[in-house]
Structure formats: structure tokens, C-alpha cells
Amino acid sequence: MLDLSILNPADIWPFILAGFAAQMVDGALGMAFGVISSTLLVSVLGVPPAQASAGVHLAEVFTTGASGLSHAWHRNIDWKLFSRLVLPGIGGGVLGAYVLSNIHAEVARPLVMAYLAGVGVLLLYRAWKFPPNKFKDPRIVAPLGAAGGFLDAAGGGGWGPVVTSNLLIQGSEPRKVIGTVSASEFFLTVSISVTFILTLGFEAFTNATIGLLIGGVLAAPFGALLAKRVKPRALLLLVGVVLTVTSVFSIYKALA
């Protein structure tokens with residue numbers, strides 16, 4: 001279990017700031033909390049990938065719960081789409097957590113990030129050619145949920161980049177996509193965290209995740225408000241920029 005008695009505010013405040021910034025981006029754009037947080041834990045603290053992913057998902061249980069409630073309050077959720085995403089996402093997440101706990105699953109990460117960088121460029125193009133009021137229901141949902149859940153658990157982040165970006169490419173309304181993906185992520189993170197606990201034990205969770213949790217919960221209401229207020233074309237543009245930049249950075253880190 002986490003030993004809260006040894007926590008020092010001077011040690012965790014950088015993680016509170018990181019959690020706040022990551023959740024602001026995630027709540028507004030439907031992605032990046034896992035990518036930003038995992039990169040910080042692995043690259044800065046030297047936490048092993050499995051422990052980093054487990055710790056981030058523990059924090060996300062609370063941040064995604066707060067974010068989901070905020071998006072529901074602002075009516076950013078498409079409940080039909082939500083029902084199509086949740087179960088495939090949970091299945092993929094449990095499998096990804098089990099795989100990462102038993103074998104090294106980072107080999108394919110550069111290829112996945114290269115794909116997401118390409119999707120980011122396509123989203124930038126869509127933002128430029130965006131028809132302001134023409135949205136349509138996505139056809140491919142369950143496979144996206146399964147793939148996003150698996151990559152999220154196996155790579156410490158991936159649910160938002162994979163699912164949000166591909167739903168937007170299919171022409172869904174940005175505000176509804178972001179709210180729905182954020183809300184469904186709560187159930188994904190709970191299932192992944194339980195799987196990590198069963199396979200790795202509570203020692204998988206580091207004290208640094210407390211800071212991520214605090215900052216993320218504080219930021220959740222503001223991210224949902226931004227998603228509601230920002231215009232669809234601007235949301236597409238921002239998602240494309242964040243996805244491209246984070247994917248290129250992940251490729252660089254993986255190959256360096």
C-alpha cells in the first residue's frame with residue numbers, strides 16, 4: 001500500500017502541477033493525461049513502464065471520474081456512443097494490463113505513435129476543411145474501444161489518442177466525442193487498475209501518483225467547460241496539434 005506518512009509537499013507539488021496541466025488538456029481535448037503523466041514518471045523519475053502505467057491508471061480512476069461527471073453536467077456525452085465504447089474498452093484494457101505485467105510490450109509503440117502522428121496530420125487537414133455543422137454517427141466503434149483500451153494499458157496512455165482521434169476522423173461532433181471518451185475512460189481505468197493490482201500487487205503504485213491524482217481532480221471541471229465552450233473547428237485543430245506533437249515526441253523517446 002502507499003505510505004502516505006512519508007509524503008512531503010515539496011516532493012509532490014511538481015506532480016500536482018503536472019497532473020493539473022495534463023488533465024486540463026485531457027478534459028478539453030479527450031486525450032493526453034496518460035501520455036504526459038507516463039512520460040514524466042518514466043523519463044524523469046525512472047519508474048519502470050509497468051509501475052508507471054499502473055500508477056497513472058490509479059490516478060486516472062479519480063481524474064476520469066471527476067472529468068466524466070463534469071462532462072455529464074455540461075451535457076457533453078453521447079450516451080449511445082458511450083454504451084458502444086465501454087465494454088470493448090474494458091476488454092482491451094484488461095488484456096493490455098495482463099500483457100504488460102508479464103511481457104515487454106513496448107516493441108510496437110513507435111509504430112503506433114507513427115500511426116497516431118499521421119492521424120494528427122489528418123485532423124489538422126479536417127480542421128482546415130471543416131464543415132461547421134455537418135456531423136455523423138461513427139460506424140467503427142467497438143474495434144476502436146478494444147484497441148484503445150489495450151494500448152492504454154500496455155503503453156501507459158492511448159485511449160484518448162486512439163479513440164478520440166479516430167471518432168473525429170469519422171465525422172463525429174468534437175464536443176460529444178471528447179465528453180463521451182472522457183466519461184467512458186473511468187470504467188476502463190478501474191478495470192486496468194484492478195488487473196494491475198491482481199498481477200503486480202499494490203507496490204506497483206508509487207507515491208508520485210498522489211500528486212498526479214490531486215492535480216488531475218482539481219483540473220477536471222475546467223477541462224469539461226473548455227470542451228463545451230470552444231468551437232468545433234478549434235477543437236479539431238487543437239486535438240490535431242496535441243496528437244501530432246505527443247506522438248512525434250513519443251517516437252523520439254522510443255528510438256533515442
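Everything numeric in this text was worked out from a predicted model, so none of it was measured. We count residues from 1, following the sequence as given.
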Run the side chain to side chain contact (heavy atoms under 4.5 Å, CB included) check on Phe187 and Phe82 step by step: do they pass? CA-CA 11 Å; Phe187 298 92; Phe82 175 90; 3.4 Å; yes
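- At most 12 non-hydrogen atoms from other residues, nucleotides or ligands lie less than 6.0 angstrom from CD1 of Ile140.
- Remark: Lys80 NZ to Asp137 CG distance equals 5.5 Å, nearest 0.5 Å.
- Shortest non-hydrogen contact noted between Val86 and Ser184 is CG2-CB, 3.9 Å.
- To the nearest 0.5 Å, atoms CG (Leu213) and OG1 (Thr63) are separated by 7.0 Å.
- The two residues Ala224 and His71 come nearest to each other via the heavy atoms CA-CE1, 3.6 Å.
- With hydrogens and angles ignored, the 3.5 Å screen pairs a side-chain donor or acceptor of Thr180 with a backbone N or O of Asp78.
- Both Val245 and Leu237 belong to a single network of hydrophobic side chains, linked directly or stepwise wherever heavy atoms of I, L, V, M, F, W or Y lie under 4.5 Å apart.
- Scanning both residues, Val177 and Ser172, for their nearest heavy atoms gives CG2-CB, 3.2 Å.
- Linking ILVMFWY residues whenever their side-chain heavy atoms come closer than 4.5 Å, directly or via other members, places Ile77 and Val190 in the same cluster.
- Counting heavy atoms from C-beta on, the side chains of Leu85 and Val141 come closer than 4.5 Å.
- Interatomic distance, Leu218 CG to Leu17 CG, rounded to the nearest 0.5 Å: 10.5 Å.
- Rounding to the nearest 0.5 Å gives a distance of 14.0 Å between CG of Leu167 and NZ of Lys176.
- Criterion: ILVMFWY side-chain heavy atoms under 4.5 Å apart, direct or through other members. Under it, Leu69 and Trp79 are not part of a common hydrophobic cluster.
- A distance of 10.0 Å separates CZ of Arg75 from CZ of Arg175, quoted to the nearest 0.5 Å.
- Annotation: the span from Ser67 atom OG to Met24 atom CE amounts to 11.0 Å, rounded to 0.5 Å.
- Residues Val217 and Leu225 do not share a hydrophobic cluster, clusters being chains of Ile/Leu/Val/Met/Phe/Trp/Tyr side chains in contact below 4.5 Å.
- Here the closest non-hydrogen pair linking Leu81 and Pro138 is CD1-CG, 3.9 Å.
- Remark: the backbone N or O of Val241 is not paired with any side-chain donor or acceptor of Thr244 at under 3.5 angstrom.
- Phe222 is connected to Ile16 through a chain of hydrophobic side-chain contacts under 4.5 Å among Ile, Leu, Val, Met, Phe, Trp and Tyr, so both are in one cluster.
- Contact detail for Arg84 and Arg139: the closest heavy-atom pair is NH2-O, 3.5 Å.
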Evaluate the side chain to side chain contact (heavy atoms under 4.5 Å, CB included) criterion for residues Leu144 and Gln170: first the C-alpha distance (whole Å), next the side-chain angles of each, then the deciding distance (0.1 Å), finally the verdict. CA-CA 12 Å; Leu144 284 180; Gln170 294 183 62; 3.6 Å; yes
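- Considering every non-hydrogen atom in both Gly148 and Val163, the closest pair reads CA-CG2, 4.1 Å.
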